[in-house]
Amino acid sequence: MSRAPTPDPAEDNAFFPSPYSLSQYTAPKTNFDGVQHKGAYTGGKWKVLMIAAAERYVLTQSGKMFSTGNHPVEMLLPAHHLMEAGFNVDVATVGGYPAKLELWAMPEEDEAVRATYEALKPKLKQPKDLADVVADDLGEDSDYIAVFIPGGHGAVVGLPTSEDVTKTLDWALGNDKFVITLCHGPASLLAASLGKDESPFRGYEVCVFPDSLDEGPNLDIGYLPGRLQWLVAGLLREQGVNVINDDMTGKTHRDRKLLTGDSPLASHSLGLLAADALVEEVQNQG
């Protein structure tokens with residue numbers, strides 16, 4: 001198989017991952033083997049706010065663009081666990097533009113992922129504008145119990161510099177809500193430091209996609225068409241966030257109400273962890 005990134009005909013000098021890299025990183029099924037809290041929450045109030053990527057292209061140092069978005073497994077498998085537990089999921093993007101997915105990573109034979117995609121597709125195509133959510137739906141009496149920010153390289157564009165992401169994270173931290181994210185999704189946590197002397201996530205432990213893979217193997221096998229402009233784990237460390245993994249094993253971690261995972265391999269485990277945490281939270285509330 002070719003290790004040359006595949007041209008994306010929709011944009012000049014843009015590329016999908018190479019055929020070889022997709023043979024290494026994608027599969028027709030995930031490791032999903034069931035949920036643990038099916039129908040556990042029946043109250044109807046509490047929802048999860050998903051902040052999805054609305055940008056398709058990441059400009060690399062070479063001038064080539066990576067055709068990306070949210071990774072479907074990282075988005076849909078954790079969402080599946082939360083929805084099956086009884087929590088509705090709302091989708092918002094910066095600007096209210098349609099969410100972008102890396103459909104080349106869709107596990108076509110995975111019924112859980114495919115079913116969740118079909119269920120969320122209308123919201124992905126016509127998401128809420130995050131600015132409207134911040135203005136109208138966040139506060140002490142909000143119906144959101146958690147913020148979920150999926151991975152995929154699309155998360156590095158727009159989210160880390162969005163004031164509305166900053167306000168959403170401020171609200172989550174200030175109102176003791178959960179923040180769930182994985183792979184490149186923790187790039188969004190960089191927004192929490194905007195306008196502050198230091199990040200409110202300083203001292204937190206997180207799992208994130210390893211910089212070493214984006215700097216090495218992802219280039220060698222043609223997953224990326226060029227070096228990224230910046231690296232997620234490195235910038236998080238500069239802000240005092242403790243990155244606890246240096247490889248991609250499917251590791252997940254909870255620090256207070258921040259739940260993170262290292263890669264697509266963590267999607268199922270993070271979904272289990274998140275559903276467990278949210279169900280426990282509502283049960284403790286009585």
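By convention here, the first residue in the shown sequence is residue 1. Reckoned from all heavy atoms, side chains included, excluding hydrogens, waters and symmetry mates. The structure displayed is predicted, hence computed values, not measured ones.
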Using only heavy-atom distances, determine whether the side chains of [X] and [Y] contain a donor-acceptor pair under 3.5 Å.
{"X": "Y57", "Y": "D8", "answer": "yes"}
{"X": "E102", "Y": "T68", "answer": "yes"}
{"X": "H71", "Y": "H153", "answer": "no"}
{"X": "T116", "Y": "H80", "answer": "yes"}
{"X": "D137", "Y": "S142", "answer": "no"}

> If you draw a 6.0 Å radius around CD in E140, do more than 12 non-hydrogen atoms from other residues or ligands fall strictly inside?
Replying inline: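 Open.
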
>> Are more than 12 heavy atoms, taken from residues, nucleotides or ligands other than E163, located less than 6.0 Å from that residue's CD atom?
In response: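 Atom CD in E163 is not crowded, with 12 or fewer foreign heavy atoms closer than 6.0 Å.
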
Between atom [atom1] of [X] and atom [atom2] of [Y], what is the distance when rounded to the nearest 0.5 Å?
{"X": "T260", "Y": "L270", "atom1": "OG1", "atom2": "CG", "result": "7.5 Å"}
{"X": "E74", "Y": "T181", "atom1": "CD", "atom2": "OG1", "result": "8.5 Å"}
{"X": "L231", "Y": "R237", "atom1": "CG", "atom2": "CZ", "result": "10.0 Å"}
{"X": "F148", "Y": "M75", "atom1": "CZ", "atom2": "CE", "result": "7.5 Å"}
{"X": "Q285", "Y": "Q283", "atom1": "CD", "atom2": "CD", "result": "10.5 Å"}
{"X": "Y117", "Y": "D110", "atom1": "OH", "atom2": "CG", "result": "14.5 Å"}

For [X] and [Y], work out which heavy atoms get closest and say how close.
{"X": "P210", "Y": "D246", "result": "CB-O, 3.9 Å"}
{"X": "G151", "Y": "C183", "result": "CA-CB, 4.3 Å"}
{"X": "N242", "Y": "G203", "result": "ND2-O, 3.5 Å"}
{"X": "P78", "Y": "S267", "result": "CG-O, 3.6 Å"}
{"X": "A155", "Y": "A53", "result": "N-CB, 4.1 Å"}
{"X": "L265", "Y": "N31", "result": "O-ND2, 4.3 Å"}

> Given M83 and L120, is the side chain to side chain contact (heavy atoms under 4.5 Å, CB included) satisfied, shown in steps?
Replying inline: CA-CA 10 Å; M83 293 163 64; L120 288 178; 4.1 Å; yes

>> Checking D129 against T93 for the side chain to side chain contact (heavy atoms under 4.5 Å, CB included) test, could you report, in this order, the C-alpha distance in whole Å, the side-chain angles of both residues, the deciding distance, and whether it holds?
In response: CA-CA 6 Å; D129 187 329; T93 63; over 6 Å; no

Has the side chain of [X] got a donor or acceptor atom that lies under 3.5 Å from a matching backbone atom of [Y]?
{"X": "S23", "Y": "Y20", "answer": "yes"}
{"X": "S21", "Y": "P17", "answer": "no"}
{"X": "S269", "Y": "A266", "answer": "no"}
{"X": "E109", "Y": "P28", "answer": "no"}

Do [X] and [Y] share a hydrophobic cluster, counting only Ile, Leu, Val, Met, Phe, Trp and Tyr and linking them when any side-chain heavy atoms are less than 4.5 Å apart?
{"X": "L59", "Y": "L235", "value": "no"}
{"X": "V206", "Y": "I244", "value": "no"}
{"X": "V179", "Y": "M50", "value": "no"}
{"X": "I221", "Y": "L219", "value": "yes"}
{"X": "L259", "Y": "L76", "value": "yes"}

Decide yes or no for [X] and [Y]: does some side-chain heavy atom of the first lie under 4.5 Å from some side-chain heavy atom of the second?
{"X": "L22", "Y": "W104", "value": "yes"}
{"X": "Y223", "Y": "L213", "value": "no"}
{"X": "Q36", "Y": "L272", "value": "yes"}
{"X": "S18", "Y": "M1", "value": "no"}
{"X": "L124", "Y": "N70", "value": "no"}
{"X": "V91", "Y": "K128", "value": "no"}
{"X": "L189", "Y": "L258", "value": "yes"}
{"X": "Y25", "Y": "N218", "value": "yes"}

>> Could you go through V147 and I149, starting from their C-alpha distance and side-chain angles, then the distance that decides it, and tell me whether this counts as side chain to side chain contact (heavy atoms under 4.5 Å, CB included)?
In response: CA-CA 7 Å; V147 178; I149 306 171; 4.0 Å; yes

> Are the ring centres of F15 and F66 closer than 6.0 Å?
Replying inline: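 Judged by ring-centre distance (under 6.0 Å), F15 and F66 do not meet the cut-off.
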
> Parallel under 30°, tilted from 30 to 60°, perpendicular over 60°: which one fits the rings of Y41 and F87?
Replying inline: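 Y41 vs F87 ring planes: parallel.
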
> Is the shortest distance from a Lys or Arg side-chain nitrogen in R114 or E111 to a carboxylate oxygen in the other one below 4.0 Å?
Replying inline: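 Not counted as a salt bridge, because no side-chain N and carboxylate O are separated by less than 4.0 Å.
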
>> Quick test of your reading of the model: are E55 and K100 salt-bridged, counting only N-O distances below 4.0 Å?
In response: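 Here E55 does not pair with K100 in a salt bridge, since their nearest N and O are not under 4.0 Å apart.
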
>> Among D90, T168, N175, exactly one meets side-chain hydrogen bond (donor to acceptor under 3.5 Å, both in side chains) together with Y144. Which residue is that?
In response: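 Filter result, single survivor: D90.
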
> Checking side-chain hydrogen bond (donor to acceptor under 3.5 Å, both in side chains) against E205, which of H253, R254, R256 comes through?
Replying inline: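 Looking at H253, R254, R256, the match for E205 under the side-chain hydrogen bond (donor to acceptor under 3.5 Å, both in side chains) is H253.
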
>> Determine whether H81 and H37 satisfy the following criterion, ring pair (Phe, Tyr, Trp, His ring centres under 6.0 Å), listing intermediate values before the conclusion.
In response: CA-CA 8 Å; H81 283 276; H37 296 286; 9.3 Å; no

> Just one of D262, D214, N245, L182 clears the side chain to side chain contact (heavy atoms under 4.5 Å, CB included) bar with F209, so which one?
Replying inline: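 The option that passes is D214.
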
> Could you go step by step and tell me if R227 and E215 meet the salt bridge (Lys or Arg N to Asp or Glu O under 4.0 Å) rule?
Replying inline: CA-CA 7 Å; R227 292 184 181 277; E215 282 284 271; 3.1 Å; yes

> Which residue pairs satisfy the salt bridge (charged side-chain N to carboxylate O under 4.0 Å, His left out) criterion with at least one member in residues 27-45, sequence neighbours excluded?
Replying inline: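 Salt bridge (charged side-chain N to carboxylate O under 4.0 Å, His left out) check on residues 27-45 returns K38-E84.
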
> With sequence neighbours left out, which residue pairs that include part of residues 166-186 fulfil the salt bridge (charged side-chain N to carboxylate O under 4.0 Å, His left out) condition?
Replying inline: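 Qualifying pairs, neighbours excluded: D170-K196, D176-K257.
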
> Among all residues two or more places apart in sequence or in another chain, which pass the salt bridge (Lys or Arg N to Asp or Glu O under 4.0 Å) test with E11?
Replying inline: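 E11 satisfies salt bridge (Lys or Arg N to Asp or Glu O under 4.0 Å) with no residue once adjacent residues are dropped.
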
> After noting the C-alpha distance and the side-chain angles of D211 and W230, does the key distance pass the side chain to side chain contact (heavy atoms under 4.5 Å, CB included) rule?
Replying inline: CA-CA 9 Å; D211 290 348; W230 51 273; over 6 Å; no

